[in-house]
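Here's the structure we're looking at; comments come further down.
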Amino acid sequence: MKAIVLGCGRVGAHLANSLVEHGHHVTVMDREPKAFRMLGDDLMIEHSDAAPHRSAGPGTPRAKTVRQKIACVLGLGIDEDVLRQAGIEEADAFAAVTDSDYTNIMACLMAKEIFRVPRVIARISEPKREKIFHQLGLETICPSILGAQSVFDLLLKAK
Amino acid sequence: MYVVIVGGGKVGYYLAKDLLARGHEVTIIERDERKCHRIQDDFGSIVLEGECSTDLMEQAGASRADVFIAVTGEDETNLVLSQIAKRFFQIPKAIARVVNPKNRKTFNQLGIDLTVSATEIITTLIEQEMATQEILPLVSLGRGKLEIVEIHLPIDSPALKKTVQQLSLPEDSILISIIRGDQIIVPRGDTVFRPNDTVLALTATASAEKLKTFFYP
């Protein structure tokens, strides 16, 4: 699968690393060059090399031991040209996980409605806004609610 | 008319002032406390303080609004809130401010067709002042598909001494008038072009470049 992750903070970097570990092609986008350090130095590649990798055909078994590198694209996630540069036209999945809810919604709307990416997921920080995302037909994840739920479960289990 | 405005900065403030003066009903949603106070002091209690959300829009009575205007300084916010206004509250008209002109196309693609970009307006005005060999766009109509343009005929224009009929302009362009000194001429088939004429034309935006070749060498 070819995935694009928008936002290279803690969530984005972790997500990108996990996807790569599972053998997917990942491109990470961020407007801040320093943000890519979150990925770990050995993993980054310049965006000039970020041309969409075609996954190996069915006849060639993928070597699981070799870790794919992560392509990094610098720029705004709501800029059509930057999204194209990140290979959104060939992407199978798009995840917007910046810390700005509205940026995430706008980027996801673009991915879904302009570029027709099959799988689009947005992160939201403010649980109250989840309703907005759903009204716009977007799939969302709210770390604050998930975190609270996990703590709640652990507390009850500990009893 | 009932107008809901999001963003009480300079644009929102003066917009509200103008609308109120024309007798419209206005509610402003603004997150900054100080800006809220300023609006309240000047216009009375027409402001709701807080991060704009569906709840706040509901509180503002968005479902009975005739027009929704998003003029915050952030394009993402303006886009998303306009979407909500249209899709959820079904407000007939949603207008969004576009800070970065590049985003206008995206707004249109995502269904927000009424956008205003100060940057673009200023750029166009400056271009109008500067350009001499260009077709000057004066007004954009039909959501950008049509425009009224101004053309100054140079002394070596290929249109000179020809009649309007001889010129056979593109099908989707039509001449509106010719300004010759103090005279305003309504062009007919037998009107002849002269140097330094200013021609006003209505044209499909896509054909504006083609139109240029008829008047400039």
Side-chain angles (χ1 to χ4, degrees), chain A residues 4 6-7 29-32 73-86 88-89 94 96-117 120-140 142 144-145, chain B residues 4 6-7 9 29-32 48-60 62-63 68-91 94 96-113 115 117 119-120:
Chain A
I4 296 177
L6 171 64
M29 302 171 65
D30 204 291
R31 61 177 176 191
E32 194 53 62
V73 171
L74 184 66
L76 292 178
I78 54 161
D79 186 322
E80 236 184 270
D81 298 334
V82 180
L83 285 167
R84 280 212 179 83
Q85 199 188 340
I88 195 159
E89 284 154 316
F94 182 86
V97 295
T98 76
D99 54 10
S100 158
D101 286 354
Y102 287 140
T103 302
N104 293 345
I105 311 184
M106 183 164 168
C108 282
L109 282 173
M110 292 174 80
K112 199 179 156 187
E113 296 184 11
I114 300 177
F115 296 106
R116 308 271 166 212
V117 178
V120 174
I121 291 176
R123 164 203 178 181
I124 44 168
S125 329
E126 170 60 71
K128 278 183 195 162
R129 291 206 190 105
E130 201 161 21
K131 216 164 120 194
I132 301 186
F133 281 77
H134 292 156
Q135 276 153 10
L136 295 174
L138 294 172
E139 230 175 304
T140 62
C142 182
S144 352
I145 291 179
Chain B
V4 174
V6 181
I29 299 173
E30 166 60 49
R31 63 179 169 194
D32 183 76
L48 285 176
E49 188 187 324
E51 192 74 50
C52 187
S53 60
T54 35
D55 292 348
L56 215 52
M57 281 167 82
E58 216 159 323
Q59 218 180 306
S63 37
F68 177 86
I69 307 176
V71 288
T72 76
E74 241 179 54
D75 284 349
E76 295 96 313
T77 309
N78 295 341
L79 174 92
V80 175
L81 295 176
S82 304
Q83 296 265 28
I84 296 292
K86 279 190 92 163
R87 294 196 198 177
F88 184 66
F89 290 102
Q90 276 150 15
I91 302 178
R97 171 188 181 188
V98 180
V99 181
N100 183 349
K102 210 176 166 186
N103 288 335
R104 184 201 277 270
K105 197 178 135 209
T106 310
F107 275 52
N108 295 344
Q109 280 173 312
L110 293 175
I112 305 302
D113 31 31
T115 55
S117 160
T119 322
E120 226 166 37

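So that the names make sense, note that chain A is the first sequence line, chain B the second, and so on, each numbered from 1.
- With respect to chain A, the highest number of heavy-atom pairs below 4.5 Å among B:Leu81, B:Asp75, B:Asp55, B:Thr77 belongs to B:Thr77.
- To the nearest 0.5 Å, atoms OH (A:Tyr102) and CD (B:Gln83) are separated by 12.0 Å.
- Counting non-hydrogen atoms of neighbouring residues, nucleotides and ligands closer than 6.0 angstrom, the CG atom of B:Asp32 exceeds 12 such neighbours.
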Review point. What do the steps show when you test A:Leu109 against B:Leu79 for side chain to side chain contact (heavy atoms under 4.5 Å, CB included), and what is the final call?
Key: CA-CA 10 Å; A:Leu109 282 173; B:Leu79 174 92; 4.2 Å; yes
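- Here B:Arg87 pairs with A:Glu113 in a salt bridge; the nearest charged N to carboxylate O distance falls below 4.0 Å.
- Ranking A:Ile105, A:Asn104, A:Ile114 against chain B, the residue ahead of the rest is A:Ile114, based on heavy-atom pairs under 4.5 Å.
- Considering A:Asp79, A:Leu76, A:Ile78 as possible partners of B:Lys102, the one that fulfils the side-chain contact (heavy atoms from CB on, under 4.5 Å) test is A:Asp79.
- Proximity of B:Thr106 to A:Met106: side-chain heavy atoms (C-beta onward) are separated by under 4.5 Å at one or more points.
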